[in-house]
S.K.: 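The structure under discussion is supplied below as structure tokens; questions concerning it will follow.
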Amino acid sequence: MKAAEILTQNITTIGTSATVVEAVSAMKATGVGALIVDRRHPGDAYGIVTRSDIVSKVVAFGRDPHRVRVYQIMTKPCIVVNPDLSVEYVARLFVHTGIQVAPVIQGELLGTISMRDILEKSDFIETPSELELDRQIQEAIAHARTICAEVGHPPRECAAAWQVVEELQADAAHQQATILEKTAFEEYCEEYPEAAELANLYKNWCSG
């Protein structure tokens, strides 16, 4: 799934000069945990102010919420999400940056996406990407073996098929934070030493 499929379109914005009291009131009225800070002009960046900002920067220090302004506690520019980004990468972005919500932007503000959206709207329970990626890898391996086994296919075509496998395996290893000790192509070369002729076309992985 993509960010565009699970984003929240109910956007609540606020100005930089608004007080924290106004920000809290807006959050209570709309039931959101973050407000997008309006841009002053088209070339300006979006900002964001969250419940966490208010608690950690105002409440924790006993500051007067009537006097503290949004611009004093907001994050600007804030991290934004492309609507075409997969849910897995959005989740990874949240983990790496420590944020829990971000505006979704593509030319214009489309909505926001949050940890809650990921948990409640995505299909990670029904169709975990790990299983889908493994299925794609197995299909790609079978295709590459077929291509290389058939007579008449040039080595370049065979090498291209294995490159697809390699890219899928690399993606899976990155997603699972593991190290790929041996690729499917290397295993294939061990089974069929004659495949070493692909070496010059595919990163010299087979030494013959």
S.K.: Measure across Ala34 and Met27 and return the closest heavy-atom pair with its distance rounded to 0.1 Å.
M.R.: CA-CE, 4.2 Å

S.K.: May I ask you to test the Gln106-Asp84 pair for a side-chain heavy-atom distance under 4.5 Å?
M.R.: yes

S.K.: Between Arg135 and Glu139, is there a salt bridge with N-O shorter than 4.0 Å?
M.R.: yes

S.K.: Are Ile79 and Ile48 connected, step by step, through hydrophobic side chains (Ile, Leu, Val, Met, Phe, Trp, Tyr) whose heavy atoms are closer than 4.5 Å?
M.R.: no

S.K.: Quick one: does Leu133's side chain get under 4.5 Å of Leu168's, heavy atoms only?
M.R.: yes

S.K.: Return the CD1 to CG distance between Ile113 and Leu85, rounded to the nearest 0.5 Å.
M.R.: 8.0 Å

S.K.: Is a side-chain donor or acceptor of Asp44 paired with a backbone partner of Arg40 at a separation under 3.5 angstrom?
M.R.: yes

S.K.: Over all heavy atoms of both residues, which pair between Thr19 and His66 is shortest? Give the atoms and the distance, please.
M.R.: CG2-O, 3.5 Å

S.K.: With hydrophobic residues grouped by side-chain heavy-atom distances under 4.5 Å, do Tyr71 and Ile73 end up in a single group?
M.R.: yes

S.K.: When Ser114 is tested against each of Ile99, Thr50, Leu7, Val101 for side chain to side chain contact (heavy atoms under 4.5 Å, CB included), which residue passes?
M.R.: Val101

S.K.: Closest heavy-atom contact between Thr8 and Lys121?
M.R.: OG1-NZ, 3.1 Å

S.K.: Taking side chain as C-beta onward, heavy atoms only, is Asp53 less than 4.5 Å from Met74?
M.R.: no

S.K.: Is there a side-chain contact (heavy atoms from CB on, under 4.5 Å) between Asp38 and Ile14? Walk through the geometry before answering.
M.R.: CA-CA 6 Å; Asp38 281 325; Ile14 196 166; over 6 Å; no

S.K.: Answer whether the closest heavy-atom distance between the side chains of Tyr46 and Leu109 falls below 4.5 Å.
M.R.: yes

S.K.: So how far is it from Met115 CE to Phe94 CZ, rounded to the nearest 0.5 Å?
M.R.: 6.5 Å

S.K.: Does the pair Glu120 and Arg116 meet the rule for a salt bridge (Lys or Arg N to Asp or Glu O under 4.0 Å), with working shown?
M.R.: CA-CA 6 Å; Glu120 296 182 358; Arg116 182 174 181 176; 3.1 Å; yes

S.K.: Nearest 0.5 Å, please: how far is CG in Leu35 from OG1 in Thr112?
M.R.: 10.0 Å

S.K.: Quick one: does any side-chain atom of Glu190 pair with a main-chain N or O of Glu187 as donor and acceptor, under 3.5 Å?
M.R.: no

S.K.: Rounded at 0.5 Å granularity, tell me how far NE2 in His96 sits from CZ in Arg92.
M.R.: 6.0 Å

S.K.: I'd like to know if the side chain of Arg69 and the backbone of Gln72 have a donor-acceptor N/O pair within less than 3.5 Å.
M.R.: no

S.K.: With side-chain contact (heavy atoms from CB on, under 4.5 Å) as the test, would you mind laying out the steps for Ile118 and Val87 before giving the verdict?
M.R.: CA-CA 7 Å; Ile118 293 174; Val87 171; 4.0 Å; yes

S.K.: Would you mind reporting whether Ser122 and Met1 have side-chain heavy atoms less than 4.5 Å apart?
M.R.: yes

S.K.: Any chance you could measure Ile137, atom CD1, to Glu166, atom CD, to the nearest 0.5 Å?
M.R.: 10.0 Å

S.K.: Check step by step if side-chain contact (heavy atoms from CB on, under 4.5 Å) holds for Val24 and Ile54.
M.R.: CA-CA 8 Å; Val24 172; Ile54 295 172; 3.8 Å; yes

S.K.: Can you see which heavy atom on Cys148 is nearest to which on Trp162, and at what distance?
M.R.: SG-NE1, 3.3 Å

S.K.: Under a 3.5 Å cutoff, is there a donor and acceptor pairing between the side chains of Lys57 and Ser52?
M.R.: no

S.K.: Tell me whether the count of non-hydrogen atoms from other residues, nucleotides or ligands lying under 6.0 Å of CD in Glu22 goes above 12.
M.R.: yes

S.K.: Does Tyr188 form a side-chain contact (heavy atoms from CB on, under 4.5 Å) with Arg145? I'd like the steps, not just the answer.
M.R.: CA-CA 8 Å; Tyr188 179 76; Arg145 284 176 171 268; 3.7 Å; yes

S.K.: Closest heavy-atom contact between Glu186 and Thr183?
M.R.: OE1-N, 2.8 Å

S.K.: Are the side chain of Gln169 and the backbone N or O of Leu180 linked by a donor-acceptor pair below 3.5 Å?
M.R.: no

S.K.: Indicate the atoms forming the closest heavy-atom contact of Ala184 with Val165, along with that distance.
M.R.: CB-CG1, 3.9 Å

